A.B. asks: 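Have a look at this one.
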Amino acid sequence: MTYEKPKTLILLDHPDISQSRVNRALAAALEGAPDLAVRDLRRLYPDGRIDVAAERAAVEAVENIVLQYPTHWYAPPAFLKTWLDEVLIRGWAYGTGGPGALAGKTLRVATSTGGTTEAYSPSGFHGWDYSDILIPLQATARRLGMQWLSPFILHGVRDLTDEQLHGQAQDYRTMLVSGSVPDPVS
Ligand SMILES: Cc1cc2nc3c(=O)[nH]c(=O)nc-3n(C[C@H](O)[C@H](O)[C@H](O)COP(=O)(O)O)c2cc1C
C-alpha cells in the first residue's frame with residue numbers, strides 16, 4: 001500500500017544541526033525512508049517565526065508524530081517548546097467540544113543524552129529515571145488524546161563510537177518505518 005502523504009512526521013529541533021553529531025546522524029538515516037518526513041524546524045523558521053497554519057496542516061496530515069531533539073537541561077530545546085506553545089492551541093488541539101485535531105495520533109520522543117543509562121535512575125548521577133523526565137510530554141500526549149509510544153533514547157552519546165551510532169541510527173529508521181504496529185506504554 002502506498003501513501004500520498006507520509007504516515008509519520010519527525011519534528012526535529014536542534015539549536016545548530018550543522019554542529020550535531022547524533023541528531024544529524026539520526027535524521028540522515030531517515031532519508032528516503034517510505035512514509036516518513038522530517039521537518040527541521042530551525043531550518044524552516046530561521047527567523048523563529050512559526051507558520052502556525054502550515055504546522056497544523058503538516059501534523060493533521062499524518063498518523064504518527066515524533067519529536068526528535070538533543071536533551072538540553074532535561075527538556076527539549078527552546079524552539080520545540082515554542083512550537084508546542086504556539087501550535088497546540090485551544091479550539092484546535094484541545095477545548096474543541098470534542099476530540100482535538102491530534103486525537104488518535106501517536107506521539108513518540110526520540111532524544112539523545114550526554115548522561116549514561118545508569119546515570120538516569122533515582123540513585124544515579126541525575127537522580128531520576130529518564131521516563132520521569134518525559135512526564136510533561138507524556139502528559140501533553142494524554143491531554144491531546146494521543147497515544148504515547150515508547151521513546152527512542154540514546155544515552156551516553158559521548159561514549160558512542162561512530163559504528164555504534166550508525167547502528168543506532170539504522171535501528172531508529174527501522175523502528176519508525178515499521179512503526180505501524182504501535183507499542184504503547186502504559
Ligand atoms: C545546553 C546543553 C544542555 C544539556 N543538558 C543535558 C541534560 O540535561 N542531560 C543530559 O544527559 N545531557 C545534556 N546535554 C548533552 C546533550 O544531550 C548531548 O550533547 C546531545 O544529546 C548530543 O546530540 P547532538 O550531537 O545531536 O548535539 C546538554 C548539552 C547542552 C549543549
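Predicted, not measured: the structure shown is a model, and the values here were computed from it. Counting convention: from 1, in listed order, for ligands and their atoms alike.
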A.B. asks: Tell me every residue that passes side-chain contact (heavy atoms from CB on, under 4.5 Å) with Val38, counting only those two or more places apart in sequence or in another chain.
C.D. replies: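 Val38 satisfies side-chain contact (heavy atoms from CB on, under 4.5 Å) with Ile10, Leu12, Leu30 only.
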A.B. asks: Ignoring hydrogens and angles, state whether a donor on the side chain of Thr111 or Thr71 is under 3.5 Å from an acceptor on the partner side chain.
C.D. replies: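 Thr71 and Thr111 do have a side-chain donor-acceptor pair below 3.5 Å.
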A.B. asks: For residues 45-61, which side-chain N or O atoms pair as donor and acceptor with protein atoms under 3.5 Å away, sequence neighbours left out?
C.D. replies:
from  : atom 1 : to    : atom 2 : distance (Å)
Tyr45 : OH     : Glu55 : OE2    : 2.5
Asp47 : OD1    : Arg49 : N      : 2.9
Asp51 : OD1    : Ala53 : N      : 3.3
Asp51 : OD1    : Ala54 : N      : 3.0
Glu55 : OE1    : Arg39 : NE     : 3.2
Glu55 : OE1    : Trp83 : NE1    : 2.8
Glu55 : OE2    : Arg39 : NE     : 3.2
Glu55 : OE2    : Arg39 : NH2    : 2.6
Glu60 : OE2    : Trp92 : NE1    : 2.7

A.B. asks: Flag yes if more than 12 heavy atoms outside Arg21 fall under 6.0 Å of its CZ atom; otherwise flag no.
C.D. replies: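 Correct, the count exceeds 12.
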A.B. asks: Would you mind writing out a table of all protein N or O atoms found under 3.5 Å from any N or O atom of ligand 1, naming both atoms and giving the distance to 0.1 Å?
C.D. replies:
from     : atom 1 : to     : atom 2 : distance (Å)
ligand 1 : 5 (N)  : Trp73  : N      : 2.8
ligand 1 : 8 (O)  : Trp73  : N      : 3.1
ligand 1 : 8 (O)  : Tyr74  : N      : 2.9
ligand 1 : 9 (N)  : Tyr120 : OH     : 2.9
ligand 1 : 11 (O) : Gly114 : N      : 3.3
ligand 1 : 11 (O) : Gly115 : N      : 2.9
ligand 1 : 11 (O) : Tyr120 : OH     : 2.6
ligand 1 : 12 (N) : Gly114 : N      : 3.1
ligand 1 : 14 (N) : Thr71  : O      : 3.4
ligand 1 : 17 (O) : Thr71  : O      : 2.7
ligand 1 : 17 (O) : Ser112 : O      : 3.4
ligand 1 : 21 (O) : Ser112 : O      : 3.1
ligand 1 : 21 (O) : Ser112 : OG     : 2.6
ligand 1 : 23 (O) : Ser112 : OG     : 3.4
ligand 1 : 25 (O) : Arg21  : N      : 2.9
ligand 1 : 25 (O) : Val22  : N      : 2.8
ligand 1 : 26 (O) : His14  : NE2    : 3.3
ligand 1 : 26 (O) : Ser20  : OG     : 2.6
ligand 1 : 26 (O) : Asn23  : N      : 2.9
ligand 1 : 26 (O) : Asn23  : ND2    : 2.8
ligand 1 : 27 (O) : His14  : NE2    : 2.7

A.B. asks: For Asp16, what residues pass the side chain to side chain donor-acceptor pair (under 3.5 Å) criterion, not counting sequence neighbours?
C.D. replies: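 Scan of Asp16 (side chain to side chain donor-acceptor pair (under 3.5 Å), adjacent residues dropped) gives Ser18.
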A.B. asks: Using side-chain heavy atoms (C-beta onward) and a distance below 4.5 Å, is Val22 in contact with Pro70?
C.D. replies: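 They are not in side-chain contact.
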